[in-house]
Amino acid sequence: SDCPGRHTYSSVYEDSAKAVVQWRRRYRGNPQLWKRIFKKERVIKELVESAPIIEAVKQAVESSEEQFTIVDLCSGKGYLS
């Protein structure tokens, strides 16, 4: 399916798809945990909402020679952190 912003933030969406594959590999031995953390609709909703912020942060970090510390102050499961 075509998610909103998929073309605008294509690199974020590609990185996110790779992350989901890595999560699946990491949690394959714990199906109960996988079922709890991965609800397709919820992950897609979080991606659509966070893609613009992730892209902005990536651009800021990549365009600077400074070092950054990024702190996630959000609550919840932190799917994309």
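Applying the salt bridge (charged side-chain N to carboxylate O under 4.0 Å, His left out) test to every pair with at least one member in residues 52-63, sequence neighbours left out, gives these pairs: D15-K58. Within the structure, the side-chain hydrogen bond (donor to acceptor under 3.5 Å, both in side chains) test picks out no pair touching residues 26-35 (sequence neighbours left out).
Every residue two or more places apart in sequence or in another chain that forms a side chain to side chain contact (heavy atoms under 4.5 Å, CB included) with E14 is listed here: S10. For the side chain to side chain contact (heavy atoms under 4.5 Å, CB included) test, residues two or more places apart in sequence or in another chain that qualify with V48 are C3, P4, Y13, I44. Residues that satisfy the side chain to side chain contact (heavy atoms under 4.5 Å, CB included) test with S64, not counting sequence neighbours, are E66, F68.
Placement of I54 and I70 in two distinct hydrophobic clusters is found when ILVMFWY residues are connected by side-chain heavy-atom separations under 4.5 Å, directly or transitively.
Here OG of S50 is found 11.0 Å from OH of Y9. Values are rounded to the nearest 0.5 Å.
A salt bridge links R42 and E46; the closest N-O separation between the charged side-chain nitrogens and carboxylate oxygens is under 4.0 Å.
Residues V12 and L47 form a side-chain contact, since some pair of their non-hydrogen atoms from C-beta on lies under 4.5 Å apart. Side chains of E49 and K45 form a contact here, defined as non-hydrogen atoms less than 4.5 Å apart.
A pairwise comparison of heavy atoms in A60 and S63 identifies O-OG, 3.3 Å as the closest pair.
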